[in-house]
Amino acid sequence: MTALPGRVVLIGDPVSHSLSPVMQNAALRAARIPLTYEAVRVPHSDLAKLLKELREIGGAGNVTIPHKRAVLEFSDDMTDAAARARACNTFRFVNGKLLADNTDVPAFDNVARRLLGDDITNAAVTVIGAGGAAAAVLTAIERWPSAKVSIVNRRNDHATQLAEMFSDFARAEPDMDRALATTTLVVNATPVGQHDDLYPCDVAALAPNAAVFDLVYRRGETPWVNEARRRGHRATDGMPMLLEQGALAFETWFGVKPDREAMRQALR
Ligand code: NAP
């Protein structure tokens, strides 16, 4: 195990809804690490001060909305995933230097590969949304053999900006129906379905072999994922990805693999 961080925190605003504390504290208990993972609500105006305090004690942690881009700007070094996605969801201070990482990228990749198997080759993906999570999804898909992505977003100019970052394989598509007609995987990277029963797209518009990946998670899965399963599609909600990004973060902080089953139980 590497030297213990002085403190392990989730930085965001708000943070009260996050399941990361319950999941990470279960992993810390299972590994008998004498630390508590704390959710710290911090407005943008106090972010620099908090990072200075964490620098002094060699802190580590996660970052959530709205600070994923801002923390990157304070970093001394960053992984390729964080640089490409232009967002940091995991960090640690080592010898006073802030190292920024993005474990959403490998987490999405791992869960998608479990869902799709060999179908990642030549995948025709529709990504709904064009924010930070969509950028992480595109960063992962960039390594899939011969994949193509259509980005559909409420504001098409945001989709166009994201597509420009990944122009070798992605383009903005203002017409959802046209995107879905050839889709083999549809990804919801918006909050639609989190606090309502809306679908990010019509499941009936999908080909029978298309798979459904919802980044949103909630108790009992999202209505969209439930409907996709009912119609016989391979489908996952965001819970396995949440667990995976947290497990990969834990590994970067402590240098050991966490007890994923303890984390899964805590999320239930
Ligand atoms: P973000 O940067 O704020 O981006 C949100 C995106 O969703 C934007 O493209 C926005 O469109 C779109 N959007 C917001 N409200 C919408 C609505 N009512 N209808 C249609 N589109 C809407 O957020 P993010 O960080 O990308 O996160 C997106 C979702 O992914 C969140 O629910 C988050 O919890 C989830 N997530 C899950 C995991 C996981 O591990 N499972 C990891 C990361 C994120 P505009 O551009 O038009 O504003």
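As a basis for the values below, the full set of heavy atoms in this structure was taken, side chains included, without hydrogen atoms, waters or symmetry mates. One-based numbering, in listed order, for ligands and for the atoms of each. In this text, all values refer to a predicted model and were calculated from it rather than measured experimentally.
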Heavy-atom distances under 4.0 Å decide this one: backbone, side chain, both or neither, for Gln194 against ligand 1?
side chain
Compare Ala87, Ala189, Ala133 and give the one whose heavy atom is closest to atom 24 (P) of ligand 1.
Ala133
Return the orientation label for the Phe108 and Trp144 ring planes: parallel under 30°, perpendicular over 60°, tilted otherwise.
parallel
Pairing of Arg55 and Asp76 as salt bridge, 4.0 angstrom limit:
yes
Which ligand 1 atoms, with their elements, are less than 4.0 angstrom from a heavy-atom of Gly129?
9 (O)
Is the shortest N/O to N/O distance between Leu215 and ligand 1 below 3.5 Å?
yes
Proximal ligand 1 atoms for Leu242, defined as those under 4.0 Å from one of its heavy atoms
40 (O), 41 (N)
Check this for me - ligand 1, Gly132, N or O atoms closer than 3.5 angstrom, yes or no?
yes
Is it true that Asn89 and Asn62 share a donor-acceptor pair across their side chains at a distance under 3.5 Å?
no
Using 4.0 Å as the upper bound for N to carboxylate O, is an ion pair formed by Arg69 and Glu73?
no
Return yes when at least one protein heavy atom is under 4.0 Å from atom 33 (C) of ligand 1, and no when none is.
no
Heavy-atom proximity to atom 1 (P) of ligand 1, best of Gly131, Gly238, Ser18
Gly131
For Arg114, is there an ion pair with Asp109 - N to carboxylate O distance below 4.0 angstrom?
no
Which protein non-hydrogen atom lies closest to atom 43 (C) of ligand 1, naming both residue and atom, and how far is it?
Asp104 OD2, 3.8 Å
N/O to N/O below 3.5 Å, does that happen between Arg155 and ligand 1?
yes
Please state whether the rings of Phe169 and Phe166 are parallel, tilted or perpendicular, taking 30° and 60° as the class boundaries.
perpendicular
Short list, please: which atoms of ligand 1 are under 4.0 Å from a heavy atom of His158?
45 (P), 46 (O)
Charged N to carboxylate O below 4.0 Å: is that the case for Asp101 and Arg92?
no
Contacting atoms of ligand 1, where contact means under 4.0 angstrom from a heavy atom of Tyr217
41 (N)
Charged N-O contact under 4.0 Å between Arg29 and Asp259
no
Residue-level breakdown please: for Thr190 versus ligand 1, do any non-hydrogen atoms fall below 4.0 Å on the side chain, on the backbone, on both, or on neither?
both
